[in-house]
Structure formats: C-alpha cells, structure tokens
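A note on names: the letters A, B, ... follow the listed sequences, proteins ahead of strands, and every chain is numbered from 1.
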Amino acid sequence: MSTSQPMRVRMAPSPTGPLHIGTARTSLYNYLAARHAGGTFVLRIEDTDLARSTPEYERDILDNLHWLGLSWDEGPQVAGGEDVGDHGPYRQSQRMDLYAAEAKRLLESGAAYRCWCTPEELEAVRREQEARKEAPRYNRRCLNLTDADVAAFEAEGRRAAIRFRVEPEVIRFDDLIRGPVEFDNALLGDFVIVRNDGMPLYHFTVVVDDEAMLITHVIRGEDHLSNTPKHIALMRALGYREPVFGHIPLILNPDRSKMSKRKAQTAMTAYREEGYLPEAMVNFLAFLGWSPGTEEEIFSLDELVERFDITKVHKGGAVFDRERLDHLNGVYIRSLSDEQLALRLRPWVPEAIGDEDLVRIVPLVKERLVKLGDVVDLIGFLWEPDEVVAGRYDAEQLHPRKGGPDEARRALEGAARLIEALDDADFSADLLEQRAREAADAAGMKAGDFFSPIRVAVTGRPVSPPLFASLELLGRDRALARIRIALDKLADAVPA
RNA sequence: GCCCCCAUCGUCUAGAGGCCUAGGACGCCACCCUUUCAAGGUGGAGAUCACGGGUUCGAAUCCCGUUGGGGGCACCA
C-alpha cells in the first residue's frame, strides 16, 4: 500500500474488563504514532461478545484513556455523547448489518461455508487428532454436505455457524517492528467467523472494520502476530486493502509471562486510585519497549509525540517494574508547583483542611510522596482525633532510640513546658525548634533523642514530616493535649 | 504437539562492525547532608552482551545452529 496517504490507526479495546495496562500502552503507541505522523487516531469498541461486555467497562476504558491524555479523533464519547467521526458507528454491536452483508458475500463467493457441527462433535474430533498427534484443526465435515444432510441438521433444530475456508498458501508481510514474517496457512484450520447465533467473531469484525474505517496501520500486541495471516487471508477473500502491521512486544509479569491479573495489578483504575500521576504513567509505559536512543528519560506526552518512532520499538517483551514506576511518579510529583500538587492532593485530603492550608502543607510532604495517596499516612495526624493518634503507638514507642521511659518523660515534659510558655501568636516552627534545642541541652539529651518522643506523641508515628513545622500546623493546644496524653500513657506503662 | 516471535547488569534500556576496559536509569550497598523519614550529593557492587560455530584485519552488533523464554493454534478478544 502507498505510504503517502495519511496515517489512520485505531485502538480497538473490548469492554470485557477495566482498562488494562497493556491496552493502555498499545493505545499510547497508536496515539504517538498517529500524532507523530499527523495522522488520525480512531477508537473502536469491540463489544461483540455480548455475554462479557458491559457499559461500565466501556466507561472505565474511555475514562482512563482520557485520564492518560490519549484523545482520539474518531470514536465513541464518554458521558453518552454521540460518536465523532465519519466512519461510525464505532461500537461493533451497532455495525451488525455490515458484518452480515460481508459474511453473505463470502458465502456467495464460496470463500466461506456453513457449519452445523456441535461443540461436542468438534471437541471429539479435536481429541482424536491429538491422540494421533495431528494438528488440531477443523476436519471440514460440513464443507460438502448434500441437501439431505443439511435438511437433516435443520430438522434437528441445529443452527449453522459460518466458517472461513482457509486456502493453503504462504502469507508474507513486512511487520513495522519485526521485519519480514511468513506463515503457512496450510497449517490453519477453517475458522468460524460468525457464531451459530449470528454473532460475528473477532477475526472477522476487525478485518471488516479496519477496511471500513480506512485503517492504514494496525499497531497491536504481539499476541496477535500469529493471527495476522488469518486476517490477511480474509482481506484477500473480501477484496480489501492490506494495511501495514506492527506488532509491539508484550508487557510481562516478573516471571516473564504475559502480564496478567493473577500476577500483577493490571487495571489502570487501580493505579489511578493509588495516586499515580497520568504523566508518570505515560512516561513509564512509553519506555516499556521503546526509547529515544539517548539517555534522556523524562518526557511529556507532547515530547513523546515528537520523538516517537514506531519502527524503533523493541522486539522483546518488557517486565512491568513497579519500583521504576514509583520512582518516576516521585519525580513528577516533585516537579509540580505547590499549588499544582495541592490540587492533585485534594481528593485524598478531608475538606476540613482548607485549600489554603493544603498549599501550606505541600512543602512538608512533596519530597516524601511516592504516590498521591501516601499523603493520608503522612499528614493524617492533622485531622485524626487525639484518641486515634494515641492509639497508633504504645508507650514503648515513645522511648528514644538511645534511652528508655525516663528519657521519653524528660523530653515530653520539656516539650510541654516550652509549649506552655508560648502563646498562639508565637507558636512557629522556628521558635519551637530554637526552644526545643535549648530544652534538649538543659535536659542533657541529644536533639534527635529529645525530638523523637515528641514526634511519636504528636503524630502517632515514628516517621513524619519535619517535627516543628508539623507542630505549627497542628496548633498549640492540640500539640499540648497530645503530649499530655503521651505522658499519661508513659505513666500507666511504668507504675511507680 | 505444531507454527511464529524473541534473547545486553535483578529490572527498564544505550548500542545499526572499530568511539565498548559495554554507557545511563531503577533497585541494592556505603558515605555525606540531616530532628525521623524522604529528597539531594558522592562513590561502589552488579552483564565472560544466552551458548556454539562461522564471516571479517576487527562482532554485543552480520550469518547458521543450539538452548532458553514467550505468544498463537476457541462458535474469547
């Protein structure tokens, strides 16, 4: 086919589950290829498997694709909007007439035929073939039935599926990523293209739709590489154009098998809910199987569009490495301004913490966040009731690293005294730190040992944002109350 | 079983015959900074480029074979 015509690519997810990480990356590569070439990115929903497809999953897929910033030029819209584009409808369930017409053409030309075999009969044949160490494929029992045979099946109430008659020929194509590939279709059995209930099947509908939607480049997962010769045979039988194919490597589980729900978190929504940033996810996914060929590694979606080259995509699969995702997410979080980060953090922080307060809190947590959701554990002490905070630790955890209950008590009493000596107006991080250091000296303790019991008393956790800024944010009275609770706990634990 | 694809540090990768004593990043270790944890800085360990044959003056890079891994062979997509 001519490469001079504008590129049209498509992503064709099936709404039988939430947006999968692998689907997201394939979408990304399609998007990048289209945008880089100034082409068109089409989204088509493959919902012919009525039993497994749901509107909720479709919604999840569209929604998360939007979240990642992958906009499509043609396809269905979220929120029940009408399809956009001149080649719709973009849901296969709405294109049944087309499939029926094309199936009829194949039937009439003899490229396809009806098959009345039952699943049980098919299974029996398959078992026999396996027993004889033969390739398991359809035995063409229904290829040359007499009218009487057909009448008998119909009388039984059987309904016919439609099978594509695969010609024994060698199919060659030049894969964008793998180069020349060839398959011998003589090894293939005649496969079903329309079920006996009239529903068309995947191998058939992709081919029909890619033609109807004028798709020029089919960019999809490597798991479809072996299916391509079927598609090409179908295209030829139907007199269609043959698009360019590009099969991208799979995303793998740590054991190097195809990434699956059982072994990894595959739903994009889950990552979104944990607080991964879409820009970090995009950056991460882009590099799973591609690199710009330099040592740069932080790229925005637009920069990726500029640099992306589909022919430079790798051939080997890539393991999904969560540690690396975490690292990238942290990089992106730290690159945000305080105002931007506060906005992103909003869904995780109670309304009781006002927007302005949240912006003031951000510098305390920014470099400690791996995921946005981590903010809850980091500054939860700001909105948790005193009892909840106190419930998070026991008396022993108040002891400084070097020291026991006595040191803990000395520090807490010192802290209580110095806080009492300050009024609200003076209750600032700087002044608190100055006084606390003096108090530590007076108590003959190292600063770190002196601060540690206070940290646990006030935040309920051994790890927290910087102590004095945390105290300032908490406020004089609440800080003091928590220190007194801690002192009580200490007293209860060590009866005099 | 048959067909197809793939193969550089644990992981993501740079590498298109001499620039490679194989570079970067994540993770790991150590040190520095430091009130905890992070972040940041410095340094380090980590790959006989799966193996074996060729081709070539020269191969991680080209060819063949082997091994290993993966994917596909549904009235799922």
Side-chain angles (χ1 to χ4, degrees), chain A residues 12-17 23 46-49 51-53 115 117-119 122-123 126 129-130 133-137 159-163 175 177-178 181-185 187-189 191-197 199-203 205-206 221-230 247 249-250 252 254-258 284 287-298 314-328 330 334 365-370 374 378 400-401 433 436-437 440 446-452 454-456 459 461-468:
Chain A
S14 179
T16 52
T23 309
E46 308 220 325
D47 56 352
T48 54
D49 186 350
R52 294 194 301 146
S53 299
C115 171
C117 295
T118 64
L122 260 14
E123 181 55 31
R126 206 170 301 142
Q129 289 169 330
E130 273 169 34
K133 304 238 179 202
E134 285 173 17
R137 60 184 130 139
R159 300 184 55 188
I162 301 175
R163 272 183 197 277
D175 193 278
I177 294 158
R178 283 147 219 287
V181 184
E182 65 173 60
F183 289 85
D184 185 358
N185 270 9
L187 268 18
L188 242 47
F191 56 93
V192 174
I193 56 174
V194 178
R195 307 202 316 193
N196 74 169
D197 64 359
M199 286 307 283
L201 259 13
Y202 168 77
H203 295 306
T205 58
V206 249
E222 191 193 342
D223 45 350
H224 284 299
L225 188 57
S226 320
N227 292 148
T228 304
K230 288 181 188 169
H247 290 91
L250 298 178
L252 276 21
D255 66 4
R256 303 203 77 86
S257 57
K258 178 161 89 169
F284 173 72
F287 275 69
L288 238 39
W290 174 84
S291 105
T294 64
E295 286 178 357
E296 302 159 274
E297 49 186 10
I298 303 299
H314 304 155
K315 297 170 180 163
V319 173
F320 185 94
D321 180 9
R322 224 191 152 111
E323 306 249 38
R324 194 180 176 81
L325 208 211
D326 283 348
H327 169 257
L328 267 178
R334 275 172 255 128
V365 298
K366 191 189 262 183
E367 59 201 25
R368 276 163 256 265
L369 292 174
V370 171
D374 295 344
L378 232 35
R401 212 164 277 176
E433 176 165 2
R437 287 185 187 281
K446 287 184 70 176
D449 291 332
F450 189 81
F451 298 165
S452 152
I454 306 172
R455 178 190 313 284
V456 173
T459 68
R461 300 155 170 88
V463 170
S464 83
L467 179 58
F468 302 105

Show each protein N/O and nucleotides 6-9 of chain B N/O combination with a separation under 3.5 Å, one pair to a line.
none

Each nucleotide N or O in nucleotides 17-19 of chain B that has a protein N or O under 3.5 Å away: list the pair and distance.
none

Close N or O pairs between protein and nucleotides 2-4 of chain B (under 3.5 Å):
none

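Using a 4.0 Å heavy-atom cutoff across all strands shown, Ala447(A) reaches no nucleic acid atom at all. Using a 4.0 Å heavy-atom criterion, one finds that Thr16(A) contacts no nucleic acid atom at all. Contact annotation for Pro136(A): base contact, defined as any heavy-atom pair under 4.0 Å involving a base atom. Nucleic acid contact class of Pro249(A) (heavy atoms, under 4.0 Å, all strands): none. At a threshold of 4.0 angstrom between heavy atoms, the contacts of Leu250(A) are confined to the sugar-phosphate backbone, with no base atom among them. Looking at heavy-atom distances under 4.0 Å, His203(A) makes contact with a base. Backbone-only engagement by Asp223(A) is indicated by non-hydrogen atom pairs under 4.0 Å involving sugar-phosphate atoms exclusively. Residue contacts shown for Asp49(A) are limited to sugar-phosphate atoms, with no base heavy atom under 4.0 Å away. Within 4.0 Å (heavy atoms only), Gly289(A) reaches sugar-phosphate atoms of the nucleic acid but no base atom. Residue contacts for Thr48(A): at a heavy-atom cut-off of 4.0 Å it reaches the sugar-phosphate backbone alone, with no base atom in range. Contacts of Ser452(A) with the nucleic acid, taken as non-hydrogen atoms under 4.0 Å apart, are absent. When heavy atoms are screened at a 4.0 angstrom cut-off, Pro13(A) is found touching no nucleic acid atom at all.
In this structure, the CD atom of Glu295(A) is 6 Å from the C1' atom of A14(B), given to the nearest Å. Between the CG atom of Leu188(A) and the P atom of C73(B) there is a distance of 10 Å, given to the nearest Å. The nearest whole Å value for the distance from the CZ atom in Phe451(A) to the P atom in C37(B) is 14 Å. What separates CZ of Phe284(A) from P of U11(B) is a distance of 14 Å, to the nearest Å. Straight-line distance from the CG atom of Asp326(A) to the P atom of A38(B): 14 Å, rounded to whole Å. Distance CD (Glu296(A)) to C1' (G23(B)): 15 Å, rounded to an integer number of Å. Note: CZ (Phe191(A)) to C1' (A77(B)) measures 14 Å, nearest angstrom. Rounded to whole Å, the distance from CD on Glu367(A) to P on G40(B) is 8 Å.
Distance alone, capped at 3.5 Å, places no donor-acceptor pair between the Ser291(A) side chain and the Phe287(A) backbone.
Note that CG of Leu188(A) is 8.5 Å distant from CZ of Arg137(A), once rounded to the nearest 0.5 Å.
A 3.5 Å limit on both hydrogen-bonding distances identifies no Watson-Crick or G-U partner for A22(B). The pairing partner recorded for A7(B) is U67(B), the criterion being a Watson-Crick or G-U wobble arrangement whose two distances lie under 3.5 angstrom. Pairing for G1(B) is with C73(B), a Watson-Crick or G-U wobble pair whose two hydrogen-bonding atom distances lie under 3.5 Å. Across the strands present, G40(B) finds its partner in C32(B); the criterion is a Watson-Crick or G-U wobble pair with both atom distances under 3.5 angstrom.
In this structure, the side chain to side chain contact (heavy atoms under 4.5 Å, CB included) partners of Asp321(A), at least two apart in sequence or on a different chain, are Glu323(A), Arg324(A). With sequence neighbours left out, His224(A) forms a ring-ring contact (aromatic ring centres under 6.0 Å, His included) with Tyr202(A). Scored by the ring-ring contact (aromatic ring centres under 6.0 Å, His included) test, Phe284(A) finds Phe320(A) as partners (sequence neighbours excluded). Every residue two or more places apart in sequence or in another chain that forms a side chain to side chain contact (heavy atoms under 4.5 Å, CB included) with Glu296(A) is listed here: Thr294(A), Phe299(A), Arg307(A). For Ile298(A), the side chain to side chain contact (heavy atoms under 4.5 Å, CB included) partners are Asn283(A), Leu328(A), Val331(A), Tyr332(A), not counting sequence neighbours. For the salt bridge (Lys or Arg N to Asp or Glu O under 4.0 Å) test, no residue two or more places apart in sequence or in another chain qualifies with Lys315(A). Partners of Arg159(A) under the side chain to side chain contact (heavy atoms under 4.5 Å, CB included) rule, at least two apart in sequence or in another chain, are Asn196(A).
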Once base and sugar-phosphate atoms are separated, protein heavy atoms under 4.0 Å mark nucleotides 42-49 of chain B, 5' to 3', with B, S and - as --------
In B/S/- notation (B base, S sugar-phosphate only, - none; protein heavy atoms under 4.0 Å), nucleotides 29-34 of chain B written 5' to 3' is ------
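Looking at Glu433(A) and Arg437(A), a side-chain N of the basic residue comes within less than 4.0 Å of a carboxylate O on the acidic one, giving a salt bridge.
Taking both residues in full, the closest heavy atoms of Pro254(A) and Val319(A) are given as CA-CG1, 3.9 Å, listed atom of the first, atom of the second, then distance. Scanning all heavy atoms of the two residues, the minimum distance from His247(A) to Gly221(A) falls at CD2-O, 3.4 Å. Pro400(A) and Asp449(A) get closest at one heavy-atom pair: CB-O, 3.3 Å. Asp255(A) and Ser257(A) make their closest contact through OD1-OG, 2.6 Å (heavy atoms, listed as atom of the first residue, atom of the second, distance).
Taking the side chain of Leu467(A) as heavy atoms from C-beta on, and the options U35(B), A14(B), C26(B), the nearest nucleotide is U35(B). Among the nucleotides C12(B), G27(B), C75(B), the one closest to the side chain of Arg163(A) is C75(B). Set against U11(B), U36(B), C73(B), the side chain of Asn227(A) has C73(B) as its closest nucleotide.
No N or O donor and acceptor, one from the side chain of Arg52(A) and one from the base of A77(B), sit under 3.5 Å apart. Scanning atom types as modelled, one donor and one acceptor separated by under 3.5 angstrom connect the side chain of Arg455(A) and the base of U35(B).
Rounded to the nearest Å, the gap between the P atom of A30(B) and that of A45(B) is 15 Å.
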